[in-house]
Chemist: 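Please see the structure below; I have some questions.
As a basis for the values below, the full set of heavy atoms in this structure was taken, side chains included, without hydrogen atoms, waters or symmetry mates. In what follows, every chain begins at residue 1, and chains take the letters A, B, ... in the order their sequences are listed.
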Amino acid sequence: MAANHLYLVDGSGYIFRAYHRLPPLTNRHGVPAGAVYGFTTMLWKLVEDLNKPVLSDVEGAGGPTHLAVILDASSKTFRNDMYDQYKAHRPPPPEDLVPQFPLIRVATRAFSIPCIEEVGLEADDIIACYSKAALAAGWQVTIVSSDKDLMQLIEPGRLDMLDTMNNRRLGAEHVREKFGVAPEQLGDVLALMGDSVDNVPGVPGVGPKTASELIQTYGTLEAVLAAAPEIKKPKLRQNLIDHADNARLSRELVRLVCDRPLPEPLEALAMKGIPPEPLKAFLTDMGFRSLLTKLSGAEAATEAIAPRVEDAQPFVHKDYETVVTEADLDRWIEAARAAGRFAVDTETDHVDCVRAKLVGISLATQPGKACYIPLAHGDAGDDLLAEKPVQLDPALVLAKLKPLLEDPSLLKIGQNIKYDLIMFRKNGVDIAPYDDTMLLSYDLDAGLGGHGMDDLAKRHLDHACIEFKAVCGTGKAQVTFDKVPLDKATEYAAEDADVTLRLWHRLKPRLGRESATRVYELVDRPLVPVIAEMERAGILVDRAELSRLSTEFGHEITRLEGVIHTAAQGPFTIGSPKQLGEVLFDRLGAAGGRKGKSGVYSTDVTELERIGLGDDAAAEVARLALEWRQLSKLKSTYTDALQEEINSVSGRVHTSFSMAVAQTGRLSSTEPNLQNIPIRTETGRRIRQAFVAPAGYSLISADYSQIELRLAAHMADVPQLREAFANGDDIHSLTAQELFGEVNRETRGRAKTINFAILYGISSWGLAGRLGVDRTEAQAIIDRYFDRFPGVQTYIAETVAKVRELGFVTTLFGRKTHLPGAKAKTVGERQSAERQAINAPIQGTCADIIKRAMIRMPAALAEAGLTGTRMLLQVHDELVFEAPDGEVEAAKPVILRVMAGAAEPHVTLSVPLGVEIGHGPSWGAAH
DNA sequence: ATTGCGCCCTA
DNA sequence: GTAGGGCGCAATG
């Protein structure tokens with residue numbers, strides 16, 4: 001006899017998750033409806049399963065015979081009587097989610113499905129009550145939710161949970177995996193760990209891991225509390241003793257109530273099929289055209305208002321293949337050809353791609369269908385791998401893959417494909433054409449979160465990738481990927497390719513819909529091979545010179561230490577802001593002194609300079625400490641560190657440019673950061689002089705002159721500024737003349753500060769601080785600026801209006817920066833977002849323009865026959881080249897032309913782009 | 001061994 | 001007031 005199977009949908013939980021997972025759609029009335037759309041499709045799928053005996057992916061789990069949606073009726077429940085702080089700090093739901101709550105009830109009614117809520121009970125409790133009743137009647141139960149509190153109810157074979165976003169069944173094994181205990185012990189774990197969102201106190205210092213370990217060791221919460229005095233770790237022991245009451249309270253808070261009378265009898269939840277009305281009316285009203293089409297079985301709607309929701313499939317690591325035979329390799333290559341596009345990922349033995357060796361390659365041809373081709377596992381010989389595993393010959397694999405990876409009719413998809421491009425280039429393979437999911441995400445969602453694979457898998461697939469740490473270990477025990485056994489390596493590497501392919505399916509279709517195609521195709525995607533080549537080239541540094549500077553700085557630092565300790569009447573750690581502050585203010589009695597939030601005196605430059613004006617011991621220490629700070633900064637960050645960064649293979653320094661980190665579209669540089677090499681002080685500039693060209697070569701430095709101000713003049717349409725740039729006039733002098741009626745050193749300096757303040761999103765408070773005037777005076781200056789340059793005021797007003805309305809701003813090339821803070825609750829946060837909104841289009845357009853110049857540069861140099869000239873670095877508005885001495889003079893006009901014309905033809909500026917260029921034996925000399 | 005903070009280098 | 005990365009210290013595990 002087929003047992004009844006009750007499905008209980010956690011409606012409130014679902015809508016919160018759907019809201020954060022799905023795009024912010026609005027229905028045809030302009031009401032936000034993304035979460036409702038998700039909810040509707042989810043119900044649809046559940047209902048469809050009604051007539052299927054078994055869900056395809058789970059053995060024995062049938063579709064529903066009974067179904068209800070459970071909602072929270074009110075925010076106050078009996079738990080608030082127990083503990084008034086319960087859920088007290090939970091932030092209010094987002095503004096565009098609020099109108100969707102009532103629509104959930106409307107949607108449920110449209111399906112003619114019961115919708116149950118009860119005042120004073122949370123949805124979780126109602127679900128518990130129904131679960132208990134149904135189990136008692138011998139029914140199967142499935143709770144449609146992924147809420148951890150509800151996992152307490154799981155009973156093997158009788159009650160499971162369904163995560164519809166992942167299409168994943170959650171059983172006792174899931175609880176065991178996630179919390180290390182059986183479902184019936186979960187309440188004790190949850191009580192110990194607490195929940196910051198619901199404000200369940202738990203025990204301080206006890207997180208999921210410790211809670212799980214304690215319950216695993218002692219069995220129950222009471223047993224843990226009883227054994228507390230014997231626990232070894234002193235802090236944990238004390239916390240358990242001190243907060244035993246909180247733990248018991250938490251236990252009651254997480255306990256689900258299951259003994260209340262049912263609002264509706266079980267039989268009232270029977271599925272009787274879905275009448276076409278009122279469902280059809282609901283779908284029409286909401287404008288869910290694709291679902292409407294499904295319902296009426298008519299022709300496909302030409303343009304559905306909602307995106308097609310990809311059927312989420314679980315990640316099954318055991319299905320990934322390890323390819324070690326030629327026949328298997330051929331089969332995968334054939335599958336990739338047949339698919340027309342596939343994801344590819346390389347595994348290496350080093351993050352540094354100059355030294356890295358290719359260890360393996362993974363491919364994914366369909367979601368869930370991926371393989372790993374190991375090439376060099378166990379080559380080094382080691383303990384983990386007793387003997388070198390059987391693998392295909394790397395040369396053979398590369399020879400077979402080359403036609404595939406270079407086939408112009410096949411799209412290669414990578415996540416941060418710059419790395420793979422470099423690795424394959426080193427092995428004689430030039431991947432083309434390609435897509436990069438990291439850059440797709442960056443161009444769609446900059447400002448909404450990270451763009452690394454783990455971030456994206458979490459955000460779009462609700463999937464936690466296997467951690468690299470879990471495969472290769474961490475710290476001293478860390479091994480390189482070639483030491484990893486093939487089965488583990490396959491799970492990790494193939495998953496990467498699988499995730500990448502699935503992400504591409506989610507992201508690529510959005511590009512056109514969300515107007516990101518232009519910046520992706522015109523700016524970021526074509527930049528990848530250019531940057532790859534710059535990183536591969538690296539720059540030469542004079543190790544001996546850096547070493548000399550290190551020694552020199554070191555001696556001076558030692559000398560200063562002696563003098564400082566004498567003046568301070570005793571030794572202390574000068575590098576510790578805490579100790580320096582205490583010496584200056586408490587021991588030597590310096591006046592003033594402001595403490596930060598961690599209770600430490602501020603000892604930053606402004607503070608030390610202020611103290612240094614005096615003539616007592618504190619002033620002397622402050623002045624000397626400034627010198628000490630400068631030298632130790634230069635030594636530790638530059639002269640010492642840069643020597644370590646010289647690559648043992650190339651003898652040069654290879655930075656890594658991150659293409660998807662900065663919110664505005666800029667690049668960033670790491671390991672080492674070559675975008676913050678000193679230039680402002682004479683001592684600092686000596687470090688720039690250690691960046692050199694090899695014998696017979698020179699370095700060329702070309703930078704845009706005041707590009708951000710020029711772009712502001714164009715974007716805000718300020719005639720005086722535009723003319724001044726066209727005539728080559730001094731822009732700060734002009735501003736001084738307009739604002740103060742006369743130009744001298746002082747007014748020009750103030751005008752310069754104000755011009756920068758505009759670019760950074762002006763505030764009277766901030767400008768006041770910079771100019772050393774009071775707020776009223778700063779505001780008066782701003783008013784005068786707006787009066788003289790009304791276009792600036794309009795630009796700011798329009799930009800702020802735009803970010804408030806749309807939540808993002810755009811550059812002239814269409815690059816978006818999302819600023820969710822513009823809709824934040826606090827004024828401070830909103831104002832901060834507004835300043836970012838004012839700056840991002842300017843800074844971002846500058847980034848777009850120099851990127852366009854970089855993309856065109858290699859071909860322009862090649863066309864001019866300059867085969868020896870290479871672009872090495874980008875520093876936001878500057879490009880650094882290395883050129884044979886014989887090519888320098890010919891290269892300069894090419895570089896100038898490309899940079900000055902970089903916006904054209906896609907963007908036409910009303911101001912010229914000025915470029916300054918110089919060359920010399922070192923970077924310092926080229927300026 | 002990892003993490004947050006204060007500080008400071010760049011455009 | 002914008003955008004970044006990295007160092008040493010001091011407090012965690």
Chemist: Kindly say whether A:Trp628 contributes a backbone atom to a donor-acceptor pair with the side chain of A:Ser632 at under 3.5 angstrom?
Modeler: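 Judged by distance alone, yes, a pair lies under 3.5 Å.
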
Chemist: Take nucleotides 3-13 of chain C nucleotide by nucleotide from the 5' end and write B, S or -, depending on whether a protein heavy atom sits under 4.0 Å from the base, only from the sugar-phosphate, or from neither.
Modeler: BBBBSSSS---

Chemist: With the threshold set at 4.0 Å, does a side-chain nitrogen-carboxylate oxygen contact exist between A:Asp604 and A:Arg629?
Modeler: no

Chemist: Contact class for A:Thr603 (heavy atom, under 4.0 Å): base, sugar-phosphate, or nothing?
Modeler: sugar-phosphate

Chemist: Quick one: label A:Ile677 by what it contacts on the DNA or RNA (base, sugar-phosphate, nothing), any heavy atom closer than 4.0 Å.
Modeler: sugar-phosphate

Chemist: Let me confirm one number: the CG-CG distance from A:Asp877 to A:Leu913, rounded to the nearest 0.5 Å.
Modeler: 11.5 Å

Chemist: Using ring-ring contact (aromatic ring centres under 6.0 Å, His included) as the criterion, list what pairs up with A:Phe808, not counting sequence neighbours.
Modeler: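 Testing A:Phe808 for ring-ring contact (aromatic ring centres under 6.0 Å, His included), a comparison that skips the adjacent residues, returns A:His818.
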
Chemist: What is the nucleic acid contact for A:Ile679, judged by heavy atoms within less than 4.0 Å: base, sugar-phosphate only, or nothing?
Modeler: sugar-phosphate

Chemist: Provide, to the nearest angstrom, the distance between the CD1 atom belonging to A:Ile842 and the P atom belonging to C:dG1.
Modeler: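 To the nearest whole Å, that distance equals 18 Å.
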
Chemist: Are any side-chain N or O atoms of A:Arg775 and backbone N or O atoms of A:Ala768, one a donor and one an acceptor, separated by less than 3.5 Å?
Modeler: no

Chemist: What contact category does A:Arg629 fall into here, base, sugar-phosphate, or nothing, at under 4.0 angstrom with non-hydrogen atoms?
Modeler: sugar-phosphate

Chemist: Please work out whether the ring planes of A:Tyr760 and A:Phe756 are parallel, tilted or perpendicular, with thresholds of 30° and 60°.
Modeler: tilted

Chemist: Got a salt bridge between A:Glu738 and A:Arg784, using NZ or NE/NH1/NH2 to carboxylate O under 4.0 Å?
Modeler: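 Salt bridge: no.
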
Chemist: Taking CD from A:Gln706 and P from C:dT2, how many angstroms apart are they, rounded to a whole number?
Modeler: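 Spelled out: CD on A:Gln706 to P on C:dT2 is 21 Å.
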
Chemist: Just by distance, do the side chain of A:Gln579 and the backbone of A:Thr573 share a donor-acceptor pair under 3.5 Å?
Modeler: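 Between the backbone of A:Thr573 and the side chain of A:Gln579 there is a qualifying donor-acceptor contact (under 3.5 Å).
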
Chemist: Using a heavy-atom cut-off of 4.0 Å across all strands, would you classify A:Thr817 as base, sugar-phosphate, or nothing?
Modeler: nothing

Chemist: Mind checking if A:Val605 touches a base, just sugar-phosphate, or nothing, with heavy atoms under 4.0 Å?
Modeler: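 Counting heavy atoms under 4.0 Å across all strands, the contact made by A:Val605 is with sugar-phosphate only.
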
Chemist: Is there a donor-acceptor pair under 3.5 Å between the side chain of A:Lys418 and the backbone N or O of A:Phe657?
Modeler: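 Flag set: sc A:Lys418 to bb A:Phe657 pair under 3.5 Å.
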
Chemist: Where does the chain A footprint on DNA chain B start and end, counting 5' to 3' with a 4.0 Å heavy-atom cut-off?
Modeler: B:dA1 to B:dA11

